[in-house]
Visitor: 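One structure is given below, represented as C-alpha cells, and several questions about it will come after.
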Amino acid sequence: MNTRSSTLAYGLLGALPIVGLLALWQAIHLSGIAPPALLPSPAAVFLRFFQQLGDASFLQNVGVTLYRLFVGFFVAAVVGIAAGVVATGSKLFASFLLPLVRVLAPVPKIALYPAFTLTLGYDDASKIALVIADALFPILLATYQGTSAVEPKLAWSARAAGVSPLRTLFTVVLPAALPSVMTGCRIGLVISCIVVFLAEMITSTNGLGHLLMRAARNFQTVDMFVPLIAISILGLLLNSAFNALRRHLLRGFPEEK
Amino acid sequence: MSQAELTSPRIAAEERNALRQSSMISIERVSKYFDTRRDKRHLALSEITLPVTRGEFVSILGPSGCGKSTLLYIVGGFVQPSSGQVLVNDRPVEGPGPDRGPVFQEFALFPWKTVLGNVTYGLDQRGVPKAEAVARARALLAMVSLSGYENFYPKELSGGMKQRVAIARTLAYKPNILLMDEPFGALDAQTRTRLQNDLLKIWDEDRKTVLFVTHSVEEAVFLSDRVVMMSRSPGRIQDIIDIDLPRPRDRASLLLDRRYQDYVVNIERMMDAQTGDHS
Amino acid sequence: MVLRRFLPALPPLLAFAGILAIWELLSLYFGLDGLPPPSVALRQVPVILTDPQSLFDIVDSLRRMAIGIVLALVFAIPVGLWMGRSRFAAAFFNPLLSVIYPVPKAALMPIIMLWLGVGDASKILVIFLGVTLPLIYHSYQGSRAVEEKLLWSAAAMGMQPPARLARIVLPAALPEILVGCRTALVLGLITMVTSEMIARQTGIGNLVFQSLEMGIYDTVYAMIVIIGALGFILDVLFERLRGWLVGWAEPAQSIIVGST
Ligand SMILES: Nc1ncnc2c1ncn2[C@@H]1O[C@H](COP(=O)(O)OP(=O)(O)OP(=O)(O)O)[C@@H](O)[C@H]1O
Ligand SMILES: [Mg+2]
C-alpha cells in the first residue's frame, strides 16, 4: 500500500467513531427508547443549528460571546507573554513572579468568578476578567519555559553584535521561543472559549452560555444542544485558524514531529 | 623570551605591561570554577595567561573538556571568569561587544529569519539605515559565495552554508577580533577544507585577530601563527608552538612542505603523550 | 537544619502573604461592599470548616471528584497507552478526541441532569468527562515516546502484547502519565466546582452562590479561599507523590527553571 492511500485509509478510520456515534444517537432516537423530550434526533439538532445561523438574535449572542472571548484572550496573551519573557531576562522579577505563579496556577479560577461579579458587576467585565485569569497561566508558563530554554548562543550572537540585553530579550529570545509561546496561546485560546461559555451559563443575560441555560429552564432540549454545538465548532475553528497562523509564523523553524 | 616564561603566573609586572602594549587580547591569570552538585566546585580553567597580538591567528588545541570553549566565552564576555581578567585593547572585558565576533560550532543562526535577515540583524538593531545594511549584507554574502540564497531560511541550507551565513553575520558588524569555537567541527571533510581556504582568504584581506578552537591538528597548523596546546583537569596551557610557515598559505604546496609535516607530527606526538599520562 | 527543610516553602508563603496584602489594599481603597478585606473574610474560614453541613458538602464534593478521577484513570490510561503503540488505535481515536476537545464538559451538566437526574451519577459523569481527555493525551504522548528497543527485547523474551503494555510501556511512560494526572487533578476540581455552580444543587460550588445570593459576602470570599487552597494543596501533595514515584525521572521544575 502506498503512503497516500494509507493516509486516506487512516483518515476514513478516524471518521468511523464520529460517524458511528452520530449513527448510534440517531438509532436510539428512532428506536424510541428515549423520549424526544430527552434526546432529540441529531437531524433535528443540526437543522436547528443551521436555522439559527440565519437568526439575528442568535448571531448577536454569538457576537457577545466572541467579544468577551477575544478581549480576555488578548489581554491574557499580552500580559502572559510579557511577564514570561521578562521573568527569563530578570532573576529579580522571576523571584517575585514564580512563587506567585506557583500559588495561583493550580487555583481553580472559576472560583474567582463570584468575586469578579461582586466587584466588576454581572456584565462583560467580570466574564472578561475570568477569561484573563484562566488563559493567563498557560500562556505565561509556556512563554517562560520556552524563553528560558532558548539556546544561549542565540542571545550571545545578538549581544556580541552590540544589541542591548532588553532588545535581545524581545528580538531574539522571544522569537526563538515562538513555538512554545504559540502552543501556550493555543491552549489559552481554547480555554478562553470554554470558560467564557461557562461563565455565561453561571450568570448572564446574553451570550451562547446564557442561551443554553435559557433552553434548559424551558426544557427545550433541541435548543440546549445548539449553543453547545456552536461553541464547540467555534473552538475547533479558532484552533485550526490558530494552527494555520502558527504554521505561517513558524515557517523558518525545523518541523516538529 | 621563551614560551614557558610567557605562560608563567610569576611574570614580572613591567614585563606584563610591556606585553599588554603590543597585545590586542591579554588573558591574565584567568581561572574558572563551575559549581557542581553537592557543593563541589569543578576547576575548569586554571591560571590561564595568554597575550595575543594584533592581527595574530591563534589556534587552541586540547582534549575534550579542557576548557577551550569556556576560555573563548570568557574572552567574548559571555561568561565571567572566577578570577583573573581579560583585556581587549587594554580595557577589561565586562560583557559582549561588537569588537569581538563569535562563531559557534552549532552556527546559532536565527531560525525565524532568512539568510539576509540573519546577516542584517545586528545592523538593523543598531540603527544602520536599511538600504546600507542590506547592501553590506549582500556584499558579505557574495564574499562567502552565498549570493542568490538571501531569502532562504537556515533550515533550507546545508551545514557548510549555515556556517558561511554565521560568519557573514559576524563580519557584518566589523569586529576586530574573531572568536571561533570549532566553527568547522560539524562539517564533512570536504566542506571543511573549502571553508578553511575561504577563511584564510577573508582573513588575509584585513588580518583580524583570531582565536580559533579546534580538535584538528592539521587545521590548526594550516591556519595559525601560533598553536596553544591545553591539558585538562584543570585546564592549563601546556605548550605554545610558533608556526613559522610563509603566508599566504596554499594548501597543496603546504601539504608537501616538510616543515608543515613536522609541525603536524610533532604536535600530534605531544598530544598523544599527554593523553597517555591520563589513561 | 530545620531552616533548610522549610526554606523551599518560604517563597510560596511570601507570595500568599503578598496576595493578601494586595487584597487588603484594594478593599481599603475601593471600600466596596462586594470586596470585604481579607482580615474579615478569612475569619469565616474556620467557621465554614467547623460547620457540619458545609463540611459535609465539601467532603461530599471531594468524594465525587475522587470517584470521577479514578474512573477516568482506569479508562483513559489504557486507551492512551494503546494509542501510543498502535497506529490503528491512534488513527481511530484522534479525530474523535480533537472534536470533543473544545466542548466545555461542565456545560453538559444540564443535559446530563435531564438524563440521569440530579444525583451523584450526573456529577461523577461530568467530572469523568472533564478529566479523561488530558489523561488520554498525556498517556498517548508518554507511550509514543517509549524506546522501540525496549519493546523488541521484551518481545524477544516472549512477552505478549498486553503484558508488554503493562510491564514495559506503562512504567516507561509513567513520568508523562503523571503530568497528565496532575492536570487531571486540577481540572477535576475545576469541573466539579463549575458544574456545581451551574446545577446549583449541592456541593462547594453551590455553597458559594448560595451565600452570594444571600449577600453574605465574607462567606463567599472565605469559600473562594478554601477552593483556591484546595487546588494548591492537591497540587503540592501530588507533586510529592510524583517525586516519590518517579524520582529517577527529570524533575518537572528543571524544565521550568532551565538555563538562560
Ligand atoms: N555551564 C557549565 N556548568 C558546569 N560545568 C561546565 C559548564 N560549562 C562547562 N563546564 C565544564 O567545564 C569544563 C570545560 O568545558 P568546555 O566546554 O570549555 O570544554 P571544551 O574544551 O570546549 O570541550 P570540547 O572540546 O568537548 O568542546 C568541562 O569539564 C565541562 O564539564
Ligand atoms: Mg567546546
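The sequence lines fix the lettering, A, B, ..., with proteins before strands; numbering per chain opens at 1.
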Visitor: I need the A/L198 CG to C/K105 NZ distance, nearest 0.5 Å.
Guide: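 That separation rounds to 10.0 Å.
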Visitor: Between A/L236 and C/S98, which heavy-atom pair has the shortest distance, and what is it?
Guide: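 Minimum heavy-atom separation between A/L236 and C/S98: CD2-O, 3.2 Å.
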Visitor: Under a 4.5 Å heavy-atom cut-off, does chain C meet the side chain of A/L228, its backbone, both or neither?
Guide: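 Only the side chain of A/L228 comes within 4.5 Å of chain C.
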Visitor: Top residue by heavy-atom pair count (under 4.5 Å) with chain C, among A/A115, A/G235, A/G146?
Guide: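 The candidate making the most pairs under 4.5 Å is A/A115.
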Visitor: Enter the distance from A/T203:OG1 to C/E213:CD here, rounded to the nearest 0.5 Å.
Guide: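 Going from the OG1 atom of A/T203 to the CD atom of C/E213 covers 9.5 Å.
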Visitor: To the nearest 0.5 Å, what is the distance between CZ on A/F116 and CD1 on C/I224?
Guide: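 It comes to 8.5 Å.
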Visitor: Would A/K109 and C/I190 satisfy side-chain contact (heavy atoms from CB on, under 4.5 Å), going step by step from the backbone distance to the final call?
Guide: CA-CA 8 Å; A/K109 309 306 171 304; C/I190 293 173; over 6 Å; no
Visitor: Taking every heavy-atom pair that is under 4.5 Å apart, which of A/V107, A/I194, A/V173 has the most such pairs with chain C?
Guide: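 Among A/V107, A/I194, A/V173, the one with the most close pairs to chain C is A/I194.
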Visitor: Please classify the contact of A/I191 with chain C as side chain, backbone, both or neither, using a heavy-atom distance under 4.5 Å.
Guide: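 Neither part.
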Visitor: Drop me the distance from C/W115's CH2 to A/L38's CG, to the nearest 0.5 angstrom.
Guide: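 Here the rounded value is 9.0 Å.
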Visitor: Relative to chain A, which of C/V186, C/I111, C/I100, C/I226 shows the most heavy atom pairs under 4.5 Å?
Guide: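 Max contact count across the listed options: C/I111.
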Visitor: Sort A/V103 into side chain, backbone, both or neither according to what part of it lies under 4.5 angstrom from a heavy atom of chain C.
Guide: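 Interface part for A/V103: both.
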Visitor: Using 0.5 Å steps for rounding, measure from the CZ atom of A/R102 to the CG atom of C/D235.
Guide: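 The distance works out to 5.0 Å.
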Visitor: Below 4.5 Å, heavy-atom pairs only: which of A/I18, A/I233, A/I229 has the largest tally toward chain C?
Guide: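 Result: the option with the highest number of such pairs is A/I18.
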Visitor: Say you draw a straight line from CG of A/L120 to CG of C/L35; how long is it, rounded to the nearest 0.5 Å?
Guide: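 It comes to 9.5 Å.
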Visitor: Could you report the tightest heavy-atom contact between C/G228 and A/P108, atom names first, then the distance?
Guide: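 Reported closest heavy-atom pair: CA-CD, 4.2 Å.
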Visitor: Top residue by heavy-atom pair count (under 4.5 Å) with chain A, among C/V193, C/V220, C/T194?
Guide: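 Ranked by contacts with chain A, first place is C/T194.
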Visitor: Set out, in order, the CA-CA distance, both residues' side-chain angles and the distance that settles side-chain contact (heavy atoms from CB on, under 4.5 Å) for A/T119 and C/L26, then state yes or no.
Guide: CA-CA 11 Å; A/T119 50; C/L26 282 178; over 6 Å; no
Visitor: For C/M197 versus A/A111, what's the shortest heavy-atom pair and its separation?
Guide: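 For C/M197 versus A/A111, the nearest heavy atoms are CE-CA, 4.2 Å.
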Visitor: What option among C/F30, C/F16, C/F88 has the most heavy-atom pairs under 4.5 Å with chain A?
Guide: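 Result: the option with the highest number of such pairs is C/F88.
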Visitor: Would you mind reporting whether C/P110 and A/M201 have side-chain heavy atoms less than 4.5 Å apart?
Guide: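 Yes - at least one pair of side-chain heavy atoms lies under 4.5 Å apart.
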Visitor: Do you know which two heavy atoms are closest between C/A107 and A/F197, and how far apart they sit?
Guide: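 Heavy atoms of C/A107 and A/F197 come nearest at CB-CE2, 3.5 Å.
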Visitor: Output the option from C/G34, C/G231, C/A90, C/P102 having the highest count of non-hydrogen pairs under 4.5 Å with chain A.
Guide: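 It is C/P102.
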Visitor: Identify which part of C/I227 has an atom lying under 4.5 Å from any heavy atom of chain A, answering side chain, backbone, both or neither.
Guide: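 C/I227 touches chain A through backbone and side-chain heavy atoms alike.
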Visitor: Quick one: what part of A/A216 sits under 4.5 Å from any heavy atom of chain C, side chain, backbone, both or neither?
Guide: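 When you check distances to chain C, only side chain atoms of A/A216 fall under 4.5 Å.
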Visitor: Does any heavy atom of chain A fall under 4.5 Å from the side chain of C/V236, the backbone, both, or neither of them?
Guide: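 Backbone plus side chain of C/V236, per the 4.5 Å heavy-atom cut-off to chain A.
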Visitor: Are there over 12 heavy-atom neighbours, none belonging to C/F232, within less than 6.0 Å of that residue's CZ?
Guide: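 Enclosed: over 12 neighbouring heavy atoms sit under 6.0 Å from CZ of C/F232.
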Visitor: Pick one of side chain, backbone, both or neither for A/T117, based on which atoms fall under 4.5 Å of a heavy atom in chain C.
Guide: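 For A/T117, the contact with chain C is made by the side chain alone.
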Visitor: Under a 4.5 Å heavy-atom cut-off, does chain C meet the side chain of A/L104, its backbone, both or neither?
Guide: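 Interface part for A/L104: side chain.
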Visitor: Using non-hydrogen atoms only, which part of A/L212 is less than 4.5 Å away from chain C: side chain, backbone, both, or neither?
Guide: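 The answer is the side chain of A/L212.
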Visitor: Do A/P17 and C/F92 come within less than 4.5 Å of each other through their side chains, counting heavy atoms only?
Guide: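 Of all side-chain heavy-atom pairs linking C/F92 with A/P17, at least one is under 4.5 Å.
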Visitor: What part of C/T183 gets within 4.5 angstrom of chain A, counting heavy atoms only: side chain, backbone, both, or neither?
Guide: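 Neither part.
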Visitor: Given that the side chain runs from C-beta out, which part of C/Y221 has a heavy atom under 4.5 Å from chain A: side chain, backbone, both or neither?
Guide: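 For C/Y221, the side chain is the part near chain A, not the backbone.
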Visitor: Using a cut-off of under 4.5 Å for heavy-atom pairs, which of C/L230, C/V208, C/I19, C/L14 has the most such pairs with chain A?
Guide: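 Of the options given, most contacts go to C/I19.
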Visitor: Counting only heavy atoms not in A/F219 (residues, nucleotides, ligands), do more than 12 fall under 6.0 Å from its CZ?
Guide: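 Incorrect, the count does not exceed 12.
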Visitor: Heavy-atom distance under 4.5 Å to chain C: side chain of A/F96, backbone, both or neither?
Guide: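 Neither part.
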